[in-house]
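Just follow the structure's listing: the first ligand is 1, and inside any ligand the first atom is 1.
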Amino acid sequence: MNNRIYNIAIVGFGGMGGYHCQLIEPVSQISVIGVYDTVEYRMELGKEAGYKTYASLDAVLTDELVDIVLIATPNDVHKDIAIQALRAGKHVICEKPVTITSRDFNDIVEVANQEKRVFTVHQNRRWDEDFRTAKDIIEKKTLGELFHLESRVQGANGIPGDWRQLKDYGGGMLLDWGVHLLDQLLQITDSQIESVAANLSYILGTEVDDGFTSYITFKDGLTALIEVGTTNYVKLPRWYLKGTEGTAVIRDWDLSGEIITRNPDVAHIEPKPIQAGQGLTKTMAPPSEQSTLKFAIQKPDLEEQSFYENFVSVLEGKSEIAIKNDEVHRVLVLIETIFEAAETKSVIHRSI
Ligand code: NAD
């Protein structure tokens, strides 16, 4: 058994930098060796937590004990720090969104390839239970062939009052939550994107989008509605999945929701008309209980490496990297296309 310990230094010890310590803790082969932040108070927190603090980024990069640099700074400086760290011979994990543009991301990957170092992005929401459950329902064809999905996150607290409200720092909700939902979407189908329509919202009057809605069509016929909102006092469900044989709703991260499918053993029974407002309707009546099956949402039984277990395994040549650079690149191209569709108020027909 290999007992090598890999030392990681955290650059940017704010909310997410601190959270990475919790993610790393259960992984015996990675140890947080120290932290660096441009704000003194953050360094004090690092010291209090028992970590070594570095006086500068250079001090991190010249420390031969550092094997991996984790970048958890605001988005605008990810690229520069990543390239410097790779040039110094470090492996690099970068928070999402990795860069503001796909071109900047290509520049990082080029350096990683030249330096033969591992570079990856912390797209942690690929491990989220709600996403894994939705993917499992789709892959098992519980709903028959999926033809439409809706994936949303909605809050009523606006954009957090920090750099996320500022364009220069790579703020805005498309880059913030959007990158997660779009990354998840592209894991659900192998099909190429055919068209993208989008609207960004500026309800809060900040210089960056406080949410967006995007309608994306795929070459295999799948359609997707992806939505992020920060002014939603009443939330719509996290996932809504429609297939040829049934529908699933996953209301929240707690996996509340249900699946209703056609009962293959019972011939279709005409629903009884219901009173709807000032009229009667059979079309919009619920399907008869005898001709449908109802299931609770069940989380899939998946034993998989965590993000950090996978990273160690990749360093030791035992696993493929979980978050692949070409996948990250595709998501950035999709984000750029959403910005373009929203700015030009047009449907962009593009193979992505
Ligand atoms: P934050 O503001 O809480 O922390 C950022 C820290 O970086 C601050 O302490 C700041 O002083 C420091 N910093 C700024 N410039 C620096 C520099 N040049 N060198 C060193 N330190 C610097 O922000 P956050 O919420 O922790 O977000 C950090 C990153 O993590 C962002 O890219 C964000 O999108 C990402 N993030 C990811 C998730 C996720 O679920 N994957 C969740 C939250 C944030």
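From the protein, the heavy atom lying nearest to atom 13 (N) of ligand 1 is T38 OG1, 3.5 Å. Scanning all protein heavy atoms for the shortest distance to atom 26 (O) of ligand 1 gives M16 N, 2.7 Å. Protein heavy atom closest to atom 11 (O) of ligand 1, with residue, atom name and distance, is D37 OD1, 2.6 Å. Closest to atom 2 (O) of ligand 1 among all protein heavy atoms lies W163 NE1, 2.9 Å. The closest protein non-hydrogen atom to atom 40 (O) of ligand 1 is N124 ND2, 3.0 Å. Regarding atom 14 (C) of ligand 1, its nearest protein heavy-atom neighbour is P74 CD, 3.3 Å. Atom 4 (O) of ligand 1 has its closest protein heavy atom at G14 CA, 3.3 Å. When hydrogens are left out, the protein atom nearest atom 5 (C) of ligand 1 is A72 O, 3.6 Å; that is the closest non-hydrogen contact.
Counting atoms of ligand 1 from 1 in the listed order, those under 4.0 Å from a heavy atom of H122 are 41 (N). Taking every non-hydrogen atom of R42 and a distance limit under 4.0 Å, the qualifying atoms of ligand 1 come out as 9 (O). Residue N75 has at least one heavy-atom neighbour below 4.0 Å for each of these atoms of ligand 1: 31 (C), 32 (O), 33 (C), 34 (O).
Aromatic ring pairs are classed by plane angle as parallel below 30°, tilted from 30° to 60° and perpendicular above 60°; the pair H122 and F307 is perpendicular.
The pair D136-K140 meets the salt-bridge criterion, since a charged nitrogen lies less than 4.0 angstrom from a carboxylate oxygen.
Distances from atom 44 (C) of ligand 1 to the heavy atoms of R164, E95, K96 put R164 nearest.
Every heavy atom of Q123 sits 4.0 Å or more from the atoms of ligand 1. Ligand 1 does not have P160 within reach: every non-hydrogen atom of the residue lies 4.0 Å or more from it.
Heavy atoms of other residues, nucleotides or ligands lying less than 6.0 angstrom from CD of Q275 number more than 12.
A donor-acceptor contact closer than 3.5 angstrom is absent between the side chains of N199 and T213.
An N or O contact shorter than 3.5 Å links G15 to ligand 1 by distance.
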